Amino acid sequence: MERPSVASVLEHQVKARPVPRHVGIIMDGNGRWAEVRGLPRLEGHREGSSSVREVTRTARRVGISALTLYAFSSQNWARPAEEVAGLMELLREFLESEYSEILDNGIRLNAIGEVDKMPRYVKEPLERLRRDSAHNQGMVLTLALSYGGREEILHAMQQVARAVANGELSPDRLGEKELEEHLWTQGLPPLDLVVRTSGEFRVSNFLLWQMAYAELCFADVLWPDFRSEAFLRCLAQYQQRERRFGLTSAQIQREDTQRAKA
Ligand code: FPP
């Protein structure tokens, strides 16, 4: 009999325990992946698109509710024009080639960021897929496009300031919930886990507000090499963590025991 692969054993183990509801990924290292092979940087991004497909499929199989991918940051516009154009083209290709798979698998496609800044040839397939998948009940796949965490918080604050100026909101009634209603991630579950690839230890303006109590996994693998097995290892790491949200370990254990009894 053929021996099961490491990834399939890991997947089995991960599925047996609670998985994070919402995972965000900073997909870093495409450029370096290409450079060490003497290839143009864009080839790294192209190979990175295959990791996007594989990781999305794995996330869906293990039962993650929301996957948010940092595909293009507000700051990425300042990269060489050729690289920006190449990334836009890859996004268009992805949105067109994955159309059927996303619909067939009940995935809902979503986007956060200043999406209006994207070129029309990206916005159109994005809107089509968003519209056609809007009623899907499976995993929500969110692409962060022209996204920045500070930009998102500023945008929310502008909306709140407007509501206060119009007399619709009293400053005393402004709490976390009221601010969150204006974040682009409104409606998504709380962020449980953030993964960053490429061995760098930075959060690079990704989901800054949402990350407050997320667990972090830094994988020492460049994004194009980050496939199912590497992702499952991060999920398994997450499952080992004790999330305390500022409480003590004893309090958390007591809560768990009470929940188990109820
Ligand atoms: C960071 O690597 C990666 C990006 C800026 C873009 C991510 C894009 C993709 C994975 C492909 C297209 C996306 C989708 C959703 C199909 P880097 O270029 O900063 O790498 P480096 O740090 O090694 O230079």
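None of the values given here were measured: they were computed from a predicted structure. Both ligands and their constituent atoms are indexed starting at 1 by order of listing.
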Visitor: Side chain of Arg241, backbone of Leu216: donor and acceptor closer than 3.5 Å?
Guide: yes
Visitor: Heavy-atom contact check, 4.0 Å cutoff: does Glu93 meet ligand 1?
Guide: no
Visitor: Could you note down all residue pairs passing disulfide (SG to SG under 2.5 Å) where residues 149-218 supplies at least one of them, sequence neighbours left out?
Guide: Cys217-Cys234
Visitor: Will you find, in the side chains of Gln75 and Glu151, an N or O donor that is under 3.5 Å from an N or O acceptor?
Guide: yes
Visitor: Under the salt bridge (Lys or Arg N to Asp or Glu O under 4.0 Å) criterion, do Arg233 and Glu229 qualify, and how do the steps go?
Guide: CA-CA 6 Å; Arg233 284 191 196 285; Glu229 188 182 321; 2.7 Å; yes
Visitor: Atom 10 (C) of ligand 1: which protein heavy atom is closest, and how many Å away?
Guide: Asn30 ND2, 3.4 Å
Visitor: Looking at Asn76, which atoms of ligand 1 are within less than 4.0 Å of one of its heavy atoms?
Guide: 5 (C)
Visitor: To which protein heavy atom is atom 6 (C) of ligand 1 closest, and what is the distance rounded to 0.1 Å?
Guide: Ala71 O, 3.4 Å
Visitor: Mind checking ring-ring contact (aromatic ring centres under 6.0 Å, His included) for Trp223 and listing every partner two or more places apart, or none if nothing turns up?
Guide: Phe226
Visitor: Closer than 4.0 Å to some heavy atom of Ser49 - which atoms of ligand 1 meet that?
Guide: 11 (C), 12 (C), 16 (C)
Visitor: Which ligand 1 atoms, with their elements, are less than 4.0 angstrom from a heavy-atom of Trp223?
Guide: 10 (C)
Visitor: Considering non-hydrogen atoms of the protein only, which is the closest contact for atom 3 (C) of ligand 1, and what is the distance?
Guide: Met27 O, 3.1 Å
Visitor: Provide, to 0.1 Å, the distance between atom 19 (O) of ligand 1 and the closest protein heavy atom, together with that atom's residue and name.
Guide: Arg79 NH2, 2.7 Å
Visitor: Do Ser49 and Glu93 pair up side chain to side chain, a donor and an acceptor below 3.5 Å, judged on atom types alone?
Guide: no
Visitor: Please check if any side-chain donor atom of His45 sits under 3.5 Å from a side-chain acceptor atom of Glu83, or the reverse.
Guide: yes
Visitor: Could you establish whether Leu69 and ligand 1 come within less than 4.0 Å of each other, counting only heavy atoms on the residue side?
Guide: no
Visitor: So, Tyr99 and Asp132: side-chain donor and acceptor under 3.5 Å apart, yes or no?
Guide: yes
Visitor: Starting from atom 13 (C) of ligand 1, which protein heavy atom do you reach first, and at what distance in Å?
Guide: Leu91 CD2, 3.9 Å
Visitor: In terms of residue, atom name and distance, what is the protein heavy atom nearest to atom 4 (C) of ligand 1?
Guide: His45 CE1, 4.0 Å
